[in-house]
Structures are given as C-alpha cells and as structure tokens.
2 protein chains.
Amino acid sequence: MSASTENFLKTIYCFQKLEARDTKPGSIAKALGISNAAATDMARKLSEKDLLEYRKYQALQLTPKGESLALQVIRKHRLWETFLYRTFDMSLLEIHNEAELLEHATSDRMAEILWNYLEKPSFDPHGDPIPNVYGFVDFEKDSKVLFKTEEDREYRIIRLVSNDEEFYSFCCDNKIEIGNEIKVVKQYSKNQLTEISIHGRQIVIPKEFSNNIYVTKVNEQ
Amino acid sequence: MSASTENFLKTIYCFQKLEARDTKPGSIAKALGISNAAATDMARKLSEKDLLEYRKYQALQLTPKGESLALQVIRKHRLWETFLYRTFDMSLLEIHNEAELLEHATSDRMAEILWNYLEKPSFDPHGDPIPNVYGFVDFEKDSKVLFKTEEDREYRIIRLVSNDEEFYSFCCDNKIEIGNEIKVVKQYSKNQLTEISIHGRQIVIPKEFSNNIYVTKVNEQ
DNA sequence: TAAAAGATTTAAGCATACTTAAATATTAAT
DNA sequence: ATTAATATTTAAGTATGCTTAAATCTTTTA
Ligand SMILES: [Mn+2]
Ligand SMILES: [Mn+2]
Ligand SMILES: [Mn+2]
Ligand SMILES: [Mn+2]
C-alpha cells in the first residue's frame, strides 16, 4: 500500500468516527490537500480493490478490509507518537508531524517492537486510543468537546487533537493537559465561548480551541 | 525527492566508494532490483536535474549536488541504524532493513534530534561512518577486506557489511564483531579461503563472507 | 418548483516509476 | 579484424497519483 492510499483510508476512518463530518470525496480531498477529482479517482480505485464502498454522490464507507488496513496505519502512527514523546523532547504537534511520515515506513515487525518496548500502551500522548495488532480499539471513555459541556460541572481533560501550533501553545500556557481537571463556569453560547476554571484561574476559550479539547465528566460520588 | 530517487543516488555513491564496482546503469539496476531500462531512464532524468552526469555507455557520476543529497540520505540511514541498535534488541541485519525504509521518511529536524540524542556518533553499528549535517564524512581508517589481507599478521575488525542473514549469523557464532582482534593464519588463494585465529580458535572463512569483513592493521609498535 | 449555487464526476493530460521487447553499441573471443 | 556475446539504450506500454476544465448531478433558496 502506498502512502497516498494509507492516508486516504486513515482519513475516511477518522471522519467516520467523528459522526459530525461527512465522508464524501470532497471532504476527504480537502483534508488531504488534493483535488476533488483526485479523491473521486482514488475512491473508484480503492472500491475496485474492495477497500471501500463507493456509489456516485454517496458518502464513502470502508469495508472491513479497508477499516482493518486503516487501523494498522493508525496503530503505527500512534505508536510512533508515543515513542517519540517519551523518548525525545518533542511537542504534541511535532510528534504528530513526524508520525505522519513514519507511519508509512514501518514494518509490522517494527510496530511490534515499539509496542513491546512501550509496554503495550492503550493511549497516545494526545489521548487517542492505540489499536492492537488485530485492529481492536480499547473502550473509549464517554467524551465530549469542551464546547458542548454543561455549565457548573467538573470535567477531566482526556484528549487534545489538532494540527495547529497555536492551539498546543495555548494549551501549554494554560496548563490544559491530559489528566487535568477543570470546571466549566459558563457557556457564552451566542459567541461560542467557554469559560473554565483551571488551577484556580478562570479562562475564556473560543470555539476554535474548545472544539479540540475533549473531556469526560468527573465521577462525583 | 522520492524514495526511488534517494535509493538511486545512494547506491551510486556507495558503488563509487567501492572502486571495484562500476556505476553503469546496469550495475545500479541489479543492486536496486529494477530493469536496466528503468535505470537508464532514471539516469537521464536525474542528469536533467543536475544530480548526476550521464553520457551514453559511460559510468554514472554524481554531481556535487547529487553527492550531497546522497550523503544526507546515508546520514539518516546510519542514524536510524545506530538508534535502533542502541535502543532495541535488533540484529545488524534488522536495523539495516528498517533503516532502508525509515531513511525516506525522516525530516531534517528528526535527523538532528537523533544526532543529538545519540551524542553525535561517528560510526554506525556496522562500522560505517555517519556523515555530519554538512555531508562531511569523518576520516575513514585505512581498511581492506579480510580476503585481501597478508598471512601471519594481526588485524582489528572495523566493519561488517552485508544483506545476508547467514553472514551475520556466522559472525555472531564466531565472535566476529567490530573491535575484536584477529590473526590471519593462512590464505588459501586458489580456493579463496582465509584462515584466521580469533579468541584462540582457528576458523576458515570462504570468500563470500571474508569479502564483507573489513579490517585494519593492528599497530605493532 | 424552478433557477441559482454548490458539489461531484468525467475527461484530458502530465510526471514518476516501472515493465518487456527490439535495436544498437560495446567488449570479448576466435 | 571479424564475429559472437554481452551490455546498454530506445521504444512502446502500464499503473499510480496527481492536475485543470467542462459536464453533470444535488441541494439550497427565492
Ligand atoms: Mn501519513
Ligand atoms: Mn495522536
Ligand atoms: Mn531506502
Ligand atoms: Mn550501516
């Protein structure tokens, strides 16, 4: 499988997870930075290889075979991210960018070596689950983006996902890190702002950032 | 630069070092496992990009630009080899095979991170020198293959280079490791066998293996 | 519900990286 | 010095992965 094919399958898989997004060729094309025509073309080719289902003007859907391949690429991606993050002094964005390349140059044997070395990790440094060698993904905690949380409740940060340098910089500056607990103070719905309290400080977070911060309710016994 | 181009330049560079081998398209094709026609084609394209000099029926020669690119790929290859060897339980052949893939998926930044983490290594685990970021290669010791050594002299092993699993297995079984000292007992020239003494044991090595073992004279003061 | 806007597909074309088969040049052998 | 063997190049063709422009379909909106 070429890097182009791997990225294509991976993108569809990720879009399907985020039910909000449609998986028509156009969206995939945009995410990959290629033309709509190229994405349609790829879709037809991959459907001939039984990696996805494609009917004109419909959303693309991975076949079990396609999903399995996507999961193997995602596994390699997240294993590299975890390894790079633990081993070197690299940021959450840097590890993603390097893993985006390395994932296509990783033998199954190499993935196994990383997996064992890292002691079978379940989550990568962004809080995303790492599929096992059979493509099985660990139970994902019930999560929502900060943008959609309720006022006056406590949450724990469990995922930070973005391709934006400034987002990670913002998180870093404001102690927004996986595992930390926060309280949602107020939702300024009209202006799409979320005010939270973290480490005793109040901060107001615009939609552009709050949409990338996933949280889970803190168990208030 | 594509992986194909990188492998092509790298192979020419390595062949040029080993003066024994010619660098006509045919030899490169054989080494890369592609057809002669494909190699000729690639040679013409790369000469248009000023990466090498190509005149019909002549040996290929890297331009300064081509050599510089080849050295960067070799640098990445050998940095990965060194890193994998030190970090995981991988053999001299395994690290080579993985590095062959990883070298094409490595940003300059990633190479720098490896280089610093490894504390600016000069040699990879096979004993091959690692070019620095400017493509400068450390002084290489005066070496020859075991096959061409003189009888009744002492040598130190400084390089082991091969793509053959059995070769490395042989080395391992017989304590043929970089740094170890040996004595050449006898050259059976007609049968192309070299008898050496290592760790008190005598072993006879056929040309297929002795050609992959590089040694340097031990300084007898 | 019909036109306008927007998305998707088709068509034509290009670059890369390969293939096999035929033509041609070089090298080795008689 | 020819001839034969070998190597190299050219030619024609294929698959992948992209492009832009035009045609077609779907969705929105008036
Ligand atoms: Mn990728
Ligand atoms: Mn991740
Ligand atoms: Mn390679
Ligand atoms: Mn090496």
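The figures that follow rest on heavy atoms only: side chains count, while hydrogens, waters and symmetry mates do not.
Between Asn211(B) and Val145(B) the shortest heavy-atom distance is O-CG1, 3.3 Å.
Rounded to the nearest 0.5 Å, atoms CD1 (Ile95(B)) and CZ (Arg78(B)) are 11.5 Å apart.
Phosphate proximity of dT24(D) to Tyr57(A): absent, as no side-chain N or O sits under 4.0 Å from OP1 or OP2.
With sequence neighbours excluded, the residues satisfying side chain to side chain donor-acceptor pair (under 3.5 Å) with Glu98(B) are Ser107(A).
Remark: C1' of dA15(D) and CE of Met42(A) are 12 Å apart, rounded to the nearest angstrom. For the pair Gln58(B) CD and dT8(D) C1', the computed distance is 11 Å after rounding to whole Å. Look at CG on Asn36(A): it is 10 Å from P on dT19(D), rounded to the nearest Å. In this structure, CG of Leu32(A) is placed 12 Å from P of dG17(D), rounded to the nearest angstrom. Atom P of nucleotide dC18(D) and atom NZ of Lys45(A) are separated by 9 Å, given to the nearest angstrom.
Along DNA chain D, the nucleotide nearest Lys49(A) and the nucleotide nearest Ala37(A) are compared for position; the residue whose nucleotide lies closer to the 5' end is Lys49(A).
Heavy atoms of Lys24(B) sit under 4.0 angstrom from primed sugar atoms or phosphate atoms, though from no base atom. Among the atoms of the strands shown, none is found under 4.0 Å from any heavy atom of Phe8(B). Ala39(A) comes within contact range of no nucleotide atom at all, as no heavy-atom separation falls under 4.0 Å. Note on Ser4(B): only backbone sugar-phosphate atoms sit closer than 4.0 angstrom, heavy atoms only; bases stay farther off.
Among the nucleotides dT9(D), dT19(D), dT16(D), the one closest to any side-chain atom of Ser2(A) is dT16(D).
A tilted orientation is assigned to the rings of Tyr168(B) and His126(B), their planes being inclined by 30° to 60°. The aromatic rings of Phe83(B) and Tyr117(B) sit perpendicular to each other, their planes meeting at more than 60°, with 30° as the lower class boundary.
Chain A approaches DNA chain C over the interval dT8(C) to dA11(C), counting the first and last nucleotide 5' to 3' with an atom under 4.0 Å from its heavy atoms.
Using modelled atom types, one side-chain atom of Glu94(B) and one backbone atom of Ser91(B) make a donor-acceptor pair closer than 3.5 Å.
Glu100(A) has a carboxylate O that lies under 4.0 Å from a charged side-chain N of Lys10(A), or vice versa, which qualifies the two as a salt bridge.
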